[in-house]
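All residue numbers refer to positions in the sequence shown, counting from 1.
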Amino acid sequence: MHVSLDGFVGGPNGEMDWINVDDDLFQFANERTKASDAALYGRKTFEMMDAYWPTAADQPNASNHDIEHGNWYNEVDKIVMSRTIKSDPSKKMKVIGKDLVKEINEIKNGNGKEIVIFGSPGAGHSLAQLGLVDEYWLFVNPILIGKGIPMFNGQKELTKMKLVETHVFKSGVVCLNHQKL
């Protein structure tokens, strides 16, 4: 998740134009996504991703990132937190939301590798409030945006974390990987 130095994941209207992304960061993120065989999204983020990634690799001017991530997106199981849309097996997409604790724990206890969540601050808030986040990969951007959508919102209890990895990019973005103790 990209986050500003003052703790926001989006501007007041969800703007993300302040996020600093370059090839170095794309390559790092690509390695992280390869370790995952399921992607978790909130409905809005899924709809945004699904409008672009299924055909991104097929475009004549596709970048290496578009090709790699587009191919991964088409192969990965997609889990969408929603109460308004339906699962679509043709897209490898399953909708959850009736009992998130039960549904997420069933997925976590399955045979898969990692589940990665992209964006989806509302979904992230819900999962954190339910104690379902095992680790955070935060890409801290060297910018103060002043107001917007907070990274953490409504945490109900103390959650101790351990810093297990850091990575500094040439752009000034710092990746912090924290795992729940």
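Looking at every heavy atom in both residues, P54 comes nearest to M49 through CD-O, 3.8 Å. Considering all non-hydrogen atoms of both residues, I117 and A123 come closest at CD1-CB, 4.1 Å. Nearest heavy atoms, A128 versus Y136: CB-OH, 3.5 Å. The heavy-atom pair separating S82 from R43 by the smallest distance is OG-CD, 3.7 Å. Considering all non-hydrogen atoms of both residues, A62 and A56 come closest at CB-O, 3.4 Å. Of all heavy-atom pairs spanning M161 and H178, the tightest one is CE-O, 3.6 Å.
N20 contributes no side-chain N or O that, together with a main-chain N or O of N141, makes up a donor-acceptor pair within less than 3.5 Å. Counting only distance, with no hydrogens or angles, the side chain of K78 and the backbone of V76 share a donor-acceptor pair below 3.5 Å. E135 contributes no side-chain N or O that, together with a main-chain N or O of N177, makes up a donor-acceptor pair within less than 3.5 Å. The closest donor-acceptor contact from the side chain of S120 to the backbone of G42 lies under 3.5 Å. In terms of modelled atom types and a separation under 3.5 Å, the side chain of H125 and the main chain of P150 share a donor-acceptor contact. One N or O on the side chain of N109 and one on the backbone of N105 form a donor-acceptor pair closer than 3.5 Å. Judged by distance alone, with hydrogens and angles left aside, the side-chain atoms of S4 form no donor-acceptor pair with the main-chain N or O of L144 at under 3.5 Å. Remark: the backbone N or O of S90 is paired with a side-chain donor or acceptor of D88 at under 3.5 angstrom. The backbone N or O of N74 lies less than 3.5 Å from no partner atom in the side chain of K92, so there is not a single donor-acceptor pair. Between the side chain of E103 and the backbone N or O of D99 there is at least one donor-acceptor pair closer than 3.5 Å.
Between D50 and M93, every side-chain heavy-atom pair lies at or beyond the 4.5 Å cut-off. Counting only heavy atoms from C-beta outward, the side chains of M81 and L127 approach each other to under 4.5 Å. Looking at heavy atoms from C-beta onward, M16 lies out of side-chain contact with H2 at the 4.5 angstrom threshold.
Both V168 and L163 belong to a common hydrophobic cluster when Ile, Leu, Val, Met, Phe, Trp and Tyr are linked at side-chain heavy-atom distances under 4.5 angstrom. In terms of hydrophobic clustering, with Ile, Leu, Val, Met, Phe, Trp and Tyr side chains grouped at heavy-atom distances under 4.5 Å, V164 and L138 are assigned to different clusters. When the side chains of ILVMFWY residues are joined at heavy-atom separations under 4.5 Å, either directly or via intervening members, W53 and V95 end up in a single hydrophobic cluster. Under a hydrophobic-cluster definition in which Ile, Leu, Val, Met, Phe, Trp and Tyr are linked whenever side-chain heavy atoms come within less than 4.5 Å, directly or via other members, V116 and I79 are assigned to different clusters. Residues L5 and W18 fall into different hydrophobic clusters, defined by Ile, Leu, Val, Met, Phe, Trp and Tyr side chains chained together at heavy-atom separations under 4.5 Å.
One distance of note links CZ of F28 with NE2 of H167; it measures 5.5 Å at 0.5 Å rounding. Here the CG-NE2 distance, from N30 to H65, works out to 7.5 Å after rounding to the nearest 0.5 Å. Note that NZ of K94 and CG of L40 are 11.5 Å apart. Values are rounded to the nearest 0.5 Å. Taken from CE in M48 to OH in Y41, the straight-line distance is 9.0 Å, to the nearest 0.5 Å. Taking CZ of R83 as the reference point, atom CD1 of I96 lies at 10.5 Å (rounded to 0.5 Å). One distance of note links OG of S63 with CZ of F26; it measures 6.5 Å at 0.5 Å rounding.
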Trace of the side-chain contact (heavy atoms from CB on, under 4.5 Å) decision for I85 with E47: CA-CA 10 Å; I85 62 174; E47 289 173 345; 4.0 Å; yes

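Relative orientation of the F169 and F139 rings is tilted, given thresholds of 30° and 60° on the angle between their planes.
Here K34 pairs with E31 in a salt bridge; the nearest charged N to carboxylate O distance falls below 4.0 Å. A salt bridge is absent between D22 and K170: the closest approach of a Lys/Arg side-chain nitrogen to an acidic carboxylate oxygen does not fall below 4.0 angstrom. Using a 4.0 Å cut-off between charged nitrogen and carboxylate oxygen, D134 and K108 count as a salt-bridge pair.
For F118 and Y73, the gap between ring centers reaches or exceeds 6.0 Å.
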